[in-house]
Amino acid sequence: MSFTRPLCRTERVYLVYDECCPGFANQFILEGTGVLDLKKWRKAVEVASAANPGSRLVLKGSLMFSRWVDSGVTPRVREVDGSAWDGLGPENAPAFLTESLSPWEGPTCEVVLVHGDPLRIVFRSHHAVMDGRGNLTWLEDIIRALNGLDPLGSHSKITELGMCKSFQKEGRTPPPHEFIAPTGMPQGNEPGVVWRRVRFPGRYKDQLGQLAVLLAQYAWKHGPGKVRFGIPVDLRARQEGLRSTGNLTNLIYLEMAPETTYKDISQNIAQQLAERKDGMLWWGDEMTRFVPLWLIRRSIREEIKTRNRTGRYRNSGVLSNMGRVPVQYFAGAGFQGNYIWGIPPGNETIPIFVGLTHTKEDQTLIFSMPKTLGNGGRLEALIDYVQKGFVASES
């Protein structure tokens, strides 16, 4: 029997996010040197994807009967020219970065070999099919196959809902839209998001805590208000040995106050994880699977209009820490990786999304924000404030 799993409640919303802001995908960019051998990469993707059928899924059914089914079709691998793109933002970027991956027809995942200096390999997955860790699970097996090693594979069918219920019985009620954005009130009504990547030298501790404090301070420069950040947590850690390419991420939340320090945040996160709050779901989450996509679509579009008018949100932003990825092992077929980063999925209902990753020598931050909040140079000003505020470790 072919691989199949239910469409979970979060994934239903992700389907609509992609319609509202095309290219709602996980996009990890591996940079390096050497050559890009299309034939060898296609073979590696074929082998790795057979071992990770979550990369070959298409959507079948409707409402509560919606499910992901293994199409049996290998994700495509294609080549594009990216010589005019500096990778620091969307300007002059190859068009595929904003193209949707069809959940009904496929492919829902793909690999794109981008020629330029540096060479780039982009691993894309529709966010309704995978989360960031799922994408990396698939990526790592592609690299193994590229080097003639057997992929580790993943066949778990567990959903976010099933995972959360396995270790947490309590739920939570969402707060009202009462949190302010880091750049102040929305301006204009231009649709879409803008993103920027910055990379700066130095070793840093408590990166997530430092970032949260700096963003909160910057938000309060624009006026008083409540500040709260969502922190994605990989639920796979709750089940030993679990390998899955699915969406197994849930949020915990940081309520910020002017006196909050980054050390307070580290302690707060540790306490929430100890209390298993990463398994708490909203009380109405399970009802989402009964809601037609057209109704979710209308609700999201109305929410965007309302947030643009009020400047108040469910959260002030989402902060995601990839940590340190062992990019030195990402090599094969004449290619040597030396740096990896990702473009956050575009989402106009969140005031800001910041992804973090680091190496021994430097720190990378990728900022994504609705154009209504980042326009007029406001995103660049925020980035400058955050970058200058980061404090390097003494050792």
Side-chain angles (χ1 to χ4, degrees), residues 8-11 13-14 17 26 127 130-134 136 158-182 205-216 219 225-240 242 244 246-257 259-286 288 313-323 342 344-345 347 349-357 365-368:
C8 73
R9 47 140 198 127
T10 301
E11 293 169 349
V13 177
Y14 288 173
Y17 279 157
N26 303 292
H127 205 345
M130 295 184 182
D131 59 13
R133 180 63 252 181
L136 284 172
I158 194 168
T159 64
E160 172 195 60
L161 179 63
M163 177 63 78
C164 288
K165 285 189 171 183
S166 71
F167 67 91
Q168 176 58 268
K169 306 304 179 184
E170 295 185 23
R172 59 175 121 211
T173 300
H177 292 84
E178 59 182 356
F179 300 98
I180 61 175
K205 293 181 179 179
D206 298 305
Q207 296 100 324
L208 192 65
Q210 289 200 54
L211 177 63
V213 169
L214 289 167
L215 289 176
K226 293 184 178 181
V227 175
R228 182 179 87 148
F229 296 112
I231 309 298
V233 178
D234 180 7
L235 300 174
R236 293 167 181 79
R238 295 295 184 181
Q239 185 172 317
E240 186 177 356
L242 176 64
S244 169
N247 278 287
L248 294 178
T249 300
N250 197 26
L251 297 177
I252 58 174
Y253 298 92
L254 299 175
E255 305 274 353
M256 304 299 294
E259 65 273 15
T260 301
T261 69
Y262 62 82
K263 292 184 178 180
D264 293 334
I265 290 172
S266 296
Q267 294 172 356
N268 185 307
I269 290 175
Q271 181 177 349
Q272 289 195 56
L273 294 178
E275 295 173 355
R276 303 187 175 188
K277 289 189 175 181
D278 51 316
M280 298 177 72
L281 299 171
W282 303 125
W283 61 268
D285 280 345
E286 289 191 59
T288 305
Y313 303 84
R314 191 81 76 187
N315 299 296
S316 298
V318 173
L319 315 180
S320 180
N321 190 1
M322 288 173 58
N347 187 343
T349 66
I350 299 175
I352 192 170
F353 188 110
V354 187
L356 304 88
T357 185
L365 302 176
I366 307 102
F367 299 78
S368 178

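In this chain, numbering begins with 1 at the start of the sequence shown.
- Side chains of L211 and L319 form a contact here, defined as non-hydrogen atoms less than 4.5 Å apart.
- Note that CZ of R172 and OH of Y253 are 5.5 Å apart. Values are rounded to the nearest 0.5 Å.
- The side-chain hydrogen bond (donor to acceptor under 3.5 Å, both in side chains) test applied to T249 returns D131, not counting sequence neighbours.
- Remark: Q271 engages E275 in a side-chain contact (heavy atoms from CB on, under 4.5 Å) (not counting sequence neighbours).
- Residues passing the side-chain hydrogen bond (donor to acceptor under 3.5 Å, both in side chains) test with T159, sequence neighbours excluded: none.
- For the salt bridge (charged side-chain N to carboxylate O under 4.0 Å, His left out) test, no residue two or more places apart in sequence or in another chain qualifies with R314.
- With F167 as the aromatic partner, R276 does not meet the cation-pi criteria of under 6.0 angstrom to the ring centre and within 45 degrees of the ring axis.
- For the atom pair OG (S266) and CG (L208), the distance works out to 8.0 Å, reported to the nearest 0.5 Å.
- Remark: Q207 pairs with Y204, L356, H358, Q363, F390 by the side-chain contact (heavy atoms from CB on, under 4.5 Å) rule, at least two apart or across chains.
- Here the side chains of I350 and Y313 are not in contact, with every heavy-atom distance at 4.5 Å or above.
- A distance-only check finds a donor-acceptor pair linking the side chain of N26 to the backbone of M130 [under 3.5 Å].
- Not counting sequence neighbours, the partners of Y262 by the side-chain contact (heavy atoms from CB on, under 4.5 Å) test are D206, Q210, V213.
- Checked against salt bridge (charged side-chain N to carboxylate O under 4.0 Å, His left out), D234 has the following partners two or more places apart in sequence or in another chain: R236.
- Not counting sequence neighbours, the partners of A257 by the side-chain contact (heavy atoms from CB on, under 4.5 Å) test are E259, T260.
- Here Y17 pairs with F24 under the ring-ring contact (aromatic ring centres under 6.0 Å, His included) rule; sequence neighbours left out.
- Contact record, A216 with F229: N-CZ, 4.1 Å, taken as the closest heavy-atom pair.
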Could you please spell out the steps behind the side chain to side chain contact (heavy atoms under 4.5 Å, CB included) verdict for L161 and T10?
-> CA-CA 9 Å; L161 179 63; T10 301; over 6 Å; no

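- In terms of the side-chain hydrogen bond (donor to acceptor under 3.5 Å, both in side chains) criterion, Q239 has no residue partners (sequence neighbours excluded).
- Note on E170 versus K277: no salt bridge recorded, every NZ/NE/NH1/NH2 to OD/OE distance being 4.0 Å or above.
- Interatomic distance, L281 CG to L251 CG, rounded to the nearest 0.5 Å: 10.0 Å.
- Remark: F179 pairs with no residue by the ring-ring contact (aromatic ring centres under 6.0 Å, His included) rule, at least two apart or across chains.
- The CG atom of N247 lies 5.5 Å from the SG atom of C8; values are rounded to the nearest 0.5 Å.
- No side-chain heavy atom of N321 sits less than 4.5 Å from a side-chain heavy atom of I231.
- S316 contributes a side-chain N or O that, together with a main-chain N or O of I180, makes up a donor-acceptor pair within less than 3.5 Å.
- With rounding to the nearest 0.5 angstrom, the CG atom of N315 is 12.0 Å from the CZ atom of F353.
- K263 is linked by a side-chain hydrogen bond (donor to acceptor under 3.5 Å, both in side chains) to nothing, counting only residues two or more places apart in sequence or in another chain.
- R133 is not listed as a side-chain neighbour of L248, based on a closest heavy-atom distance of 4.5 Å or more.
- With rounding to the nearest 0.5 angstrom, the CE atom of M163 is 10.0 Å from the CG atom of D278.
- Of all heavy-atom pairs between P182 and L215, the closest is CB-O, 4.2 Å.
- The nearest pair of heavy atoms linking G279 to N250 is C-ND2, 4.0 Å.
- When atom types are taken as modelled, the side chain of D264 and the backbone of T261 share a donor-acceptor pair closer than 3.5 angstrom.
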